Amino acid sequence: MKLATFNINGVKARIGALSDWLQEQKPDVALLQEIKSVDEQFPREHFEEMGYTVETHGQKGFNGVAILSRLPLEDISRGLPGDETDEQARYIEATVIGETRPVRMGCLYLPNGNPAPGPKYDYKLAWMERLRDRARALLALEEPALLAGDWNVIPQAEDAARPEAWVEDALFRPETRAAYRRIETLGFTDAFRARVRGAGHYSFWDYQANSWERNNGIRIDHLLLSPQAADLLRDAWIDREVRGRDKPSDHVPVWVELDA
DNA sequence: ATGGCAGCGTTCCGCTGA
């Protein structure tokens with residue numbers, strides 16, 4: 001199966017570009033972040049007519065995640081466990097029934113956390129601790145599983161065109177990178193880094209200051225694979241071309257192909 | 001050194017994002 005994680009920055013604003021991309025690339029599964037829509041306003045029928053099963057976890061104005069799948073979905077769960085008071089819609093999980101085997105997928109929109117330090121940064125780090133608990137539970141299944149989405153984490157200096165500009169930022173502070181590493185080192189494989197080494201590979205370019213034209217990007221959209229999913233990895237790549245189209249999101253799709 | 005763009009709701013400004 002071919003699947004992509006894609007922060008679309010608003011489903012209403014992106015419906016044209018997203019539909020074009022789906023029809024061209026035909027992902028079996030699209031894990032979407034920042035739908036910026038409540039569930040009732042999400043254009044579900046539009047994507048169903050394109051052959052997708054649609055599961056959303058939205059909220060008004062901001063955040064929101066969704067799973068679009070051509071393959072059957074089972075056992076949908078909405079929200080990241082661990083804090084009943086958290087009202088932000090940033091996590092949805094489902095089992096995708098592949099042709100040869102099922103794959104459990106968590107679709108996440110990790111908090112930005114700026115300004116740091118401060119309450120938003122505290123929320124980010126607390127959210128990452130809850131995600132680590134969920135990651136541990138997924139690994140305990142000992143089955144193909146992945147955690148994919150907009151992590152809002154620059155894992156290493158090579159993942160930013162100008163790392164020096166990010167040292168104080170919530171996306172790159174040492175505590176952020178350490179928290180990300182604590183999840184990865186539980187036993188996950190960064191799918192993209194399993195296939196491509198070196199600097200210069202980004203998944204986000206700011207709308208401001210001609211970041212795209214200057215290739216001033218950062219790599220913050222990641223797919224982490226359980227060992228059983230990593231065994232199925234055929235390929236991984238970033239669809240950078242999408243950023244140069246009309247009315248683009250500020251993020252681009254990051255892909256994996258799995259033998260499933 | 002700063003801000004620059006884009007989307008959305010509280011809409012013709014303010015907030016958030018990264």
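Everything quoted here is computed from the prediction, not taken from an experiment.
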So, A:Asn215 versus A:Trp205: side-chain donor-acceptor pair below 3.5 Å or not? yes
Is the NZ or CZ atom of A:Arg177 positioned over A:Phe172's six-membered ring, under 6.0 angstrom from the centre and within 45° of the axis? yes
With a 4.0 Å cut-off on heavy atoms, is A:Ala13 in touch with a base, just the backbone sugar-phosphate, or nothing at all? sugar-phosphate
Separation of atom NZ in A:Lys247 from atom P in B:dC5, rounded to whole Å: 15 Å
What interatomic distance, in whole Å, is found between C1' of B:dT10 and the corresponding atom of B:dC15? 9 Å
Using modelled atom types only, decide if a donor and an acceptor are shared between the side chain of A:Arg78 and the backbone of A:His57 within a distance under 3.5 Å. no
All N/O contacts under 3.5 Å from nucleotides 14-18 of chain B to the protein, with atom names and distances to one decimal?
{"unit_1": "B:dG17", "atom_1": "OP2", "unit_2": "A:Lys120", "atom_2": "NZ", "d": "3.4"}
{"unit_1": "B:dG17", "atom_1": "O3'", "unit_2": "A:Tyr109", "atom_2": "OH", "d": "3.4"}
{"unit_1": "B:dA18", "atom_1": "OP1", "unit_2": "A:Glu34", "atom_2": "OE1", "d": "2.9"}
{"unit_1": "B:dA18", "atom_1": "OP1", "unit_2": "A:Tyr109", "atom_2": "OH", "d": "2.9"}
{"unit_1": "B:dA18", "atom_1": "OP1", "unit_2": "A:Asp150", "atom_2": "OD2", "d": "3.4"}
{"unit_1": "B:dA18", "atom_1": "OP2", "unit_2": "A:Tyr109", "atom_2": "OH", "d": "3.0"}
{"unit_1": "B:dA18", "atom_1": "OP2", "unit_2": "A:Asn152", "atom_2": "ND2", "d": "3.0"}
{"unit_1": "B:dA18", "atom_1": "N9", "unit_2": "A:Asn112", "atom_2": "ND2", "d": "3.3"}
{"unit_1": "B:dA18", "atom_1": "N7", "unit_2": "A:Asn112", "atom_2": "ND2", "d": "3.1"}

Taking the six-membered ring of A:Tyr109 (Phe, Tyr or Trp), confirm whether the NZ or CZ of A:Arg90 is under 6.0 Å from its centre and within 45° of its axis. yes
Between B:dT11 and B:dA6, how far is it from one C1' atom to the other, in whole Å? 15 Å
Expressed in angstrom and rounded to an integer, what is the separation of A:Asn216 atom CG from B:dC5 atom C1'? 14 Å
Phosphate OP1/OP2 of B:dG7: any A:Arg14 side-chain N/O under 4.0 Å: yes
Any cation-pi pair here, A:Arg219 with A:Phe192, using under 6.0 Å and within 45°? no
Whole angstroms only, please: what is the CZ-P distance between A:Arg214 and B:dG3? 16 Å
Considering only atom C1', compute the distance from B:dA18 to B:dG4 and round it to an integer number of Å. 14 Å
With respect to the phosphate group of B:dG9, does any side-chain polar atom (N or O) of A:Lys12 fall under 4.0 Å of OP1 or OP2? yes
Between A:Arg193 (side chain only) and A:Gly198 (backbone N and O only), is there a donor and an acceptor less than 3.5 Å apart? yes
